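Worksheet: the structure to be examined is printed underneath.
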Amino acid sequence: GAAESEEAGARLLELSQRAAELVGPAEDAKLKALTKHLKSLIAEGYHPIVFCRYIPTAEYLATQLDGKLGKKTKIAAVTGTLSPQQRLERIEQLAAESAEEAGDPAVRRVLIATDCLSEGVNLQHHFDAVVHYDLAWNPTRHDQREGRVDRYGQKKDTVRVITLYGSDNG
């Protein structure tokens, strides 16, 4: 009856408030950690790729990081929502945007990507660091991600790799 309906309404309100607390970069500790690592990589002259497991995560990161890594950092996201051709175009566009201002060596590029890019696309010409934002179930997936960057044609002697993981990860 009415009491059950009221109880359900109160429960929904509580859940809604709890959900609202989860949203927003202020409380996103993982995003904060990523931002700190990216700022450090950028300061060291790297052009990182951040690999995510899910499309919404990649899109969220691209939105949240926009404007937070310095005026001279260009950010783009590439996910499975784009065709293989569009993925290449977006990478080339990001590379061109940062190359146009190549007169300014401080310009950096950051690519946020899902594993749609872990095979078949050469990334070593434009990127030289890999951040695993999400851990894959299969550890070889991490090798594949890194292998897109650390391969023949890479100009940097050292490719940096950062893996974000929680205290409860094995």
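These numbers were taken from a predicted model, which means no experiment stands behind them.
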Partner residues of Glu7 under the side-chain contact (heavy atoms from CB on, under 4.5 Å) criterion, sequence neighbours left out: none
Counterpart residues, side-chain contact (heavy atoms from CB on, under 4.5 Å), relative to Gln124 (two or more places apart):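 By the side-chain contact (heavy atoms from CB on, under 4.5 Å) rule, Gln124 matches Asn122, Arg151, Gln154.
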Among Leu94, Thr63, Leu111, Leu69, side-chain contact (heavy atoms from CB on, under 4.5 Å) partner for Ile75: Leu69
Derivation of the side-chain contact (heavy atoms from CB on, under 4.5 Å) call for Thr114 and Tyr54: CA-CA 6 Å; Thr114 55; Tyr54 301 105; over 6 Å; no
Look at the side chain of [X] and the backbone N and O of [Y], then say whether any donor-acceptor pair between them is shorter than 3.5 Å.
{"X": "Ser16", "Y": "Leu12", "answer": "no"}
{"X": "Lys71", "Y": "Gly67", "answer": "no"}
{"X": "Ser83", "Y": "Gln86", "answer": "yes"}
{"X": "Arg148", "Y": "Leu123", "answer": "no"}
{"X": "Asp128", "Y": "His47", "answer": "yes"}
{"X": "Arg109", "Y": "His126", "answer": "yes"}

Hey, does [Y] have a side-chain heavy atom less than 4.5 Å from the side chain of [X]?
{"X": "Glu59", "Y": "Thr81", "result": "yes"}
{"X": "Asp150", "Y": "Val130", "result": "no"}
{"X": "Tyr60", "Y": "Asp28", "result": "yes"}

Sidechain N-carboxylate O distance under 4.0 Å for Asp134, Lys30: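 So Asp134 pairs with Lys30 through a salt bridge.
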Sidechain N-carboxylate O distance under 4.0 Å for Asp115, Arg145: yes
Hydrophobic cluster membership, Ile55 vs Leu34, 4.5 Å side-chain cutoff: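 No; tracing contacts between hydrophobic side chains, which count when under 4.5 Å, never links both residues.
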Neighbour count >12 (heavy atoms, 6.0 Å) for atom CD, Glu14: yes
Residues, nucleotides or ligands: over 12 heavy atoms within 6.0 Å of Glu6 CD: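 No, because the 6.0 Å sphere around CD of Glu6 holds 12 heavy atoms or fewer from other groups.
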Return the minimal non-hydrogen interatomic distance between [X] and [Y], and the atom names on each side.
{"X": "Gly153", "Y": "His125", "value": "O-ND1, 3.8 Å"}
{"X": "Ala58", "Y": "Ala77", "value": "O-CB, 4.4 Å"}
{"X": "Phe127", "Y": "Val149", "value": "O-CG1, 3.3 Å"}

Gln93 and Glu89 side chains, donor-acceptor separation under 3.5 Å: no
Donor + acceptor pair across side chains of Glu44, Ser40 (<3.5 Å):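 Side chains of Glu44 and Ser40: pair found under 3.5 Å.
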Candidate pair Ile112 and Val110, rule side-chain contact (heavy atoms from CB on, under 4.5 Å), full reasoning: CA-CA 7 Å; Ile112 318 284; Val110 176; 4.1 Å; yes
Partners passing ring pair (Phe, Tyr, Trp, His ring centres under 6.0 Å) against His132 (at least two apart in sequence or in another chain): His142
Pair His37-Leu164, side-chain contact (heavy atoms from CB on, under 4.5 Å): steps then yes or no: CA-CA 10 Å; His37 285 299; Leu164 296 179; 3.6 Å; yes
